[in-house]
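This report refers to the structure that appears directly beneath it.
Every heavy atom of this structure was used, including side-chain atoms; hydrogens, water molecules and symmetry mates were not.
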Amino acid sequence: MDTARQLDTTYKAQPPMEASKPDTATRILDVAERLFVEHGFEATSLRMITQQAEVNLAAVNYHFGSKDALFESVFMRRLTPLIAACLAELDGMEAQFGTLTPEQLVMAFIRPCLALSKDPSRGGALFVRLLSRTLVENHRLLRETLSQQYSVFVQRFGKAFHRALPALGQEDLAWRMHFAFSVMFNAFAGNDVLKIFVRSQIVSARDPDMIVKHLVPFVVAGLTSPPLR
C-alpha cells in the first residue's frame, strides 16, 4: 500500500477496540519513533510499543498491519516534508543567487534539518537522530522506499553540485557527495563519539547548532579540495 495513502487512512478511521481514544495512530507513531531511536528497530518489540502507547496489538495491526509497515510509516511521515523543505530551500536559493557555491548547497540541506531538529511538532531532534541512524545503517526495510523518495532530491542536488564544482569529473563528484552526506547524516545521528576526544560536559555532539558550526566548514573543505592526480 502506498505510504501516503496508508497514513491518510490511519487518521480517518478508528479500530473498534480503540475508538474511545483520540489519535490512536498518532500515539502509536510517536511512541514507536522514540523507541526506535532509543533501542533500534530489531530490539524494539511490538509489546514495548503497545504498552507505552497504551493500546492493544489489534490497534497496531489495524492501523499499520505489521512492525515493518509501522517502521516505514514512522519514517516517511517526517521524511516526506523534510525532502520537500530541502528542495524548496534549494529552489529559493537558486532563484536568488543562480549557481550556488558548495557552502550554499550544503546549507540548503543543513538549514531544513536544523529547523526540523528544533521543531518538536515535526519530530524535532529525535527524528533527526532516527533519520541519520537509519540512513547510516542503510536499513533494509527502507531501501526501496528511500530510493523512490530520494530520486528527485538526488537529481536536483547532484546537478547543483555539478554546476558548483565543474572541475570535478562525474566519478569524483559522486564520491565527494557520498562522503559529504555520509558525514552530515552521521554527525546528526546522536552518537556522541566526540566524548572520546574531549572529556567535557560542555562539549556535546548532540547540540544541533554546535554540530553545524563545525560540520559545514569540514564538509565544504572536502568537497572543494583539489582532486588527486
Side-chain angles (χ1 to χ4, degrees), residues 1-12 22-44 46 48-49 52-53 55 59-60 63-91 106-154 156-157 181-182 184-191 206-209 211-212 215:
M1 179 184 291
D2 178 75
T3 302
R5 192 181 307 121
Q6 178 185 12
L7 284 175
D8 184 59
T9 301
T10 63
Y11 290 105
K12 292 181 179 178
D23 299 320
T24 301
T26 301
R27 190 163 68 253
I28 294 170
L29 288 168
D30 289 343
V31 169
E33 181 176 66
R34 176 172 53 80
L35 291 176
F36 286 143
V37 171
E38 292 176 357
H39 305 288
F41 175 79
E42 298 297 340
T44 300
L46 285 178
M48 294 166 62
I49 294 170
Q52 295 197 30
V55 299
V60 176
H63 285 295
F64 304 101
S66 67
K67 180 182 172 184
D68 287 359
L70 172 59
F71 183 76
E72 182 176 336
S73 297
V74 164
F75 199 80
M76 297 310 299
R77 72 164 175 164
R78 309 290 197 195
L79 181 63
T80 300
L82 176 60
I83 291 175
C86 290
L87 293 175
E89 185 78 16
L90 181 59
D91 287 339
V106 170
M107 289 307 301
F109 172 74
I110 289 288
R111 196 174 288 114
C113 290
L114 189 60
L116 172 62
S117 72
K118 297 180 178 181
D119 186 355
S121 69
R122 293 191 292 139
L126 188 70
F127 176 70
V128 172
R129 288 177 58 197
L130 178 62
L131 168 66
S132 302
R133 178 174 180 171
T134 303
L135 293 178
V136 168
E137 294 175 356
N138 193 20
H139 205 288
R140 62 180 179 81
L141 295 175
L142 293 175
R143 286 173 189 165
E144 183 177 347
T145 302
L146 285 176
S147 65
Q148 295 170 355
Q149 290 284 330
Y150 263 83
S151 59
V152 176
F153 176 92
V154 171
R156 290 290 315 284
F157 273 83
F181 280 93
S182 295
M184 288 189 283
F185 286 133
N186 197 63
F188 280 106
N191 302 317
R206 293 190 178 183
D207 179 343
D209 290 302
I211 291 172
V212 171
L215 175 65

Has K118 got a side-chain atom pairing as donor or acceptor with C113's backbone, closer than 3.5 angstrom? no
Please find out if less than 6.0 Å separates the ring center of F71 from that of F64. no
Quick one: does any side-chain atom of T44 pair with a main-chain N or O of L35 as donor and acceptor, under 3.5 Å? yes
Would you check if V74 and L130 make a side-chain contact, meaning some heavy-atom pair closer than 4.5 Å? yes
Decide yes or no for M48 and V31: does some side-chain heavy atom of the first lie under 4.5 Å from some side-chain heavy atom of the second? no
At what distance, to the nearest 0.5 angstrom, does CZ of R34 lie from CG of L126? 8.5 Å
Less than 4.5 Å apart, any side-chain heavy atom of R122 and any of L82? no
Closest non-hydrogen contact found for S117 with L114 is OG-O, 2.6 Å
A32 versus I49, closest heavy-atom pair with distance: CB-CD1, 4.0 Å
Identify the two heavy atoms, one from A69 and one from S66, that lie closest to each other, and give their separation to 0.1 Å. N-OG, 3.1 Å
Pairing residues for F127 by the ring-ring contact (aromatic ring centres under 6.0 Å, His included) criterion, not counting sequence neighbours: F75
Student check: side-chain heavy atoms of L70 and H63 closer than 4.5 Å: no
If you define the side chain from C-beta out and look only at heavy atoms, does anything of F109 sit under 4.5 Å from E89? no
Hey, mind stepping through R78 and D119 against salt bridge (Lys or Arg N to Asp or Glu O under 4.0 Å) and telling me if it holds? CA-CA 12 Å; R78 309 290 197 195; D119 186 355; over 6 Å; no
